[in-house]
Structure formats: structure tokens, C-alpha cells
Amino acid sequence: MKIIDLHHWVDEPSKAIEIQKSLASRIILEGKSNVRLTTIAGVDVSGVSSVGPVWAAAVVIKLPQFDIVERSFAVSTVNLPYVPGLLSFRELPVILEALKKLQTVPDLIICDGQGLAHPRFFGLACHLGLWVNLPTVGCAKSRLIGKAPDPNINAGDYELLEYKDRTVGLILRTRTRVKPVYVSPGHLIDVDGSRRVIMSCCNGRRLPEPTRLAHLAVNSYRKGKLK
DNA sequence: GCGACAG
DNA sequence: ATCTTGTCGC
């Protein structure tokens, strides 16, 4: 898979914030709504919160059967600790390394983190989308920013997430009576499209299958049980 | 000044 | 993210 290198990575938070501000206006919140999604990739990273080694996995599945089409992996070293709002600068480089090894070009990529629902409207999913020039969706397990009521208890129930007078995503109940997830557009997709993609990938689970499988894969890879 | 804070 | 005991369901 081809990756566009738009700039060098930094290890200084103030510089990272300036980069986010300059790139945020480039994300596109609409896509080709009539395109049917068949291959969807999930990416995930494993590693300690501070500086050190990190591992990444990308898993491509095919809908509606949820078959695994392809998996790829990468290892790297991060130079920036985990800082809320700057997750991209830890995780994106190693994610891109894993994606480069993919033979399949997926129709869309789901990230384990936020997209638009970010302090500077530029979370990991937005950042990744610009680099790979593909539709991306952020699906996080917890909140970073924004306000919304609690969604009802049934699978599919949701509430829009608002931040600084903008609708940045939604809180989505992917499974009945289970803690909801935080969904937001990354690139080339809007809020409602993001919701439909995530719901169609969940298959009765709390997390979308691409994300769940990438999480399992990256941990096996880290332990040396997969390559 | 005080909390909140993706992974 | 990481750590950790117990419980539930197939």
C-alpha cells in the first residue's frame, strides 16, 4: 500500500500541536456515499505509555462474511510519551509501516482512537486518512472531548457528540446493555457514514471486528507468536 | 486555579 | 495503556 510522506515526525509537543492545527483544515468530511464497502482494515498498536518499543498490526477483513483477507505487522521505537491529544505522534509512524506491507488496498480503515472528536479536530483517524488518502473512521473505547447524553441501551442507539458548537461524532451503543463507543469521522466520510460503517462491522460485539482482530493480532505479534 | 485527559 | 480476582456462559 502506498503512503504519502507529508512531513517529518517530531518529539516536541508544541511542534506537534502546530502540525495538527495546520493539517486539520485538510480533512474532508464527505465521501462517495454510493460506494459499497467490502474490504475494511483495522489497525492497532501495543507498547508502554512512555518511550520505547511499539508494535503495530493491520488486519483486513471482507464484508459481509467477516473473513480475514490479509494481516501485516511492524515494530518501531517511539520518542514521545503518551500525551492526551498527541496520540498520532506516537502511533502513526508504526501504523504506516505496517500498512506499507499490505498488498490489499482496503476501502476504509478503522482506527483505535478519535477522529474529529479531538481538541484540535484532528485525531489519529484524521491524521492517518490524510497520509493514506483513504476513508478512515475513529472508534475509541472512551471519551477525549465533547458532550452528549447517554444513549439508550439497545444496540444501534446513539447520541451526537458536540464540542465547541460542532457535531464531532457520536456515542454509539454497538451492543445492548454494554458500554458504548466513541465514533468520529477521520477522512472522506461524515458522521452518519461513520456510524453506519461501525455498526455494520460490529457483528454482535462491542468493538468493530477489524479493530478487535487487529488488537488480538498485535498482541500475538508482540509475544512473537505471529509474524 | 482546578479538573479532565483517545492509548 | 497495565495490573488483577472473581464470575458467567458456551
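The figures that follow rest on heavy atoms only: side chains count, while hydrogens, waters and symmetry mates do not. Letters A, B, ... mirror the listed sequences (proteins, then strands); counts begin at 1.
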**Request:** Could you work out which one of B:dG7, C:dT2, B:dA4 sits closest to the side chain of A:S142?
**Result:** B:dG7
**Message:** Are the side chains of A:P208 and A:I198 in contact, using a 4.5 Å heavy-atom criterion?
**Reply:** yes
**Message:** When you measure from the side-chain N and O atoms of A:R143 to the phosphate of B:dA6, is any distance below 4.0 Å, counting only OP1 and OP2?
**Reply:** no
**Request:** Measure the OG1-CG distance between A:T211 and A:D44 for me, rounded to the nearest 0.5 Å.
**Result:** 7.5 Å
**Item:** Nearest-Å distance for atom pair CD/P, residues A:E91 and B:dA6
**Value:** 12 Å
**Prompt:** Which whole-number value in Å describes the distance from A:R120 CZ to B:dA6 C1'?
**Reply:** 12 Å
**Request:** Work out which heavy atom in A:R120 is nearest to a heavy atom in A:K21; give both atom names and the distance.
**Result:** CD-CG, 3.9 Å
**Prompt:** Base, sugar-phosphate alone, or nothing: which one does A:R90 contact when heavy atoms must sit under 4.0 Å apart?
**Reply:** nothing
**Prompt:** Of A:C201, A:C139, A:C202, which is the lone residue that meets side-chain contact (heavy atoms from CB on, under 4.5 Å) with A:T174?
**Reply:** A:C202
**Asked** Are OP1 or OP2 of B:dA6 and a side-chain N or O of A:K141 less than 4.0 angstrom apart?
**Response** no
**Prompt:** Are A:Y182 and the base of B:dA6 stacked, counting only ring centres nearer than 5.5 Å and planes tilted under 30°?
**Reply:** no
**Message:** Taking the six-membered ring for Trp, are A:H118 and A:Y163 closer than 6.0 Å centroid to centroid?
**Reply:** no
**d(CG, A:L86; P, B:dC5) in whole Å** = 16 Å
**Complete:** In whole angstroms, the gap separating P of B:dA6 from CD of A:Q114 amounts to 8 Å
**Request:** Would you mind classifying the nucleic acid contact of A:G85 as base, sugar-phosphate or nothing, using non-hydrogen atoms under 4.0 angstrom?
**Result:** base
**Message:** Between P on B:dA4 and CG on A:L87, what's the gap in Å once rounded to a whole number?
**Reply:** 21 Å
**Item:** Whole-Å distance separating the CH2 atom of A:W55 from the P atom of C:dA1
**Value:** 13 Å
**Request:** Write down the distance between NE2 (A:H215) and P (B:dA6), rounded to a whole number of angstrom.
**Result:** 16 Å
**Asked** For A:L124, which contact category applies under a 4.0 Å heavy-atom criterion: base, sugar-phosphate, or nothing?
**Response** base
**Message:** Output the rounded distance in Å from CZ (A:F89) to C1' (B:dG7).
**Reply:** 15 Å
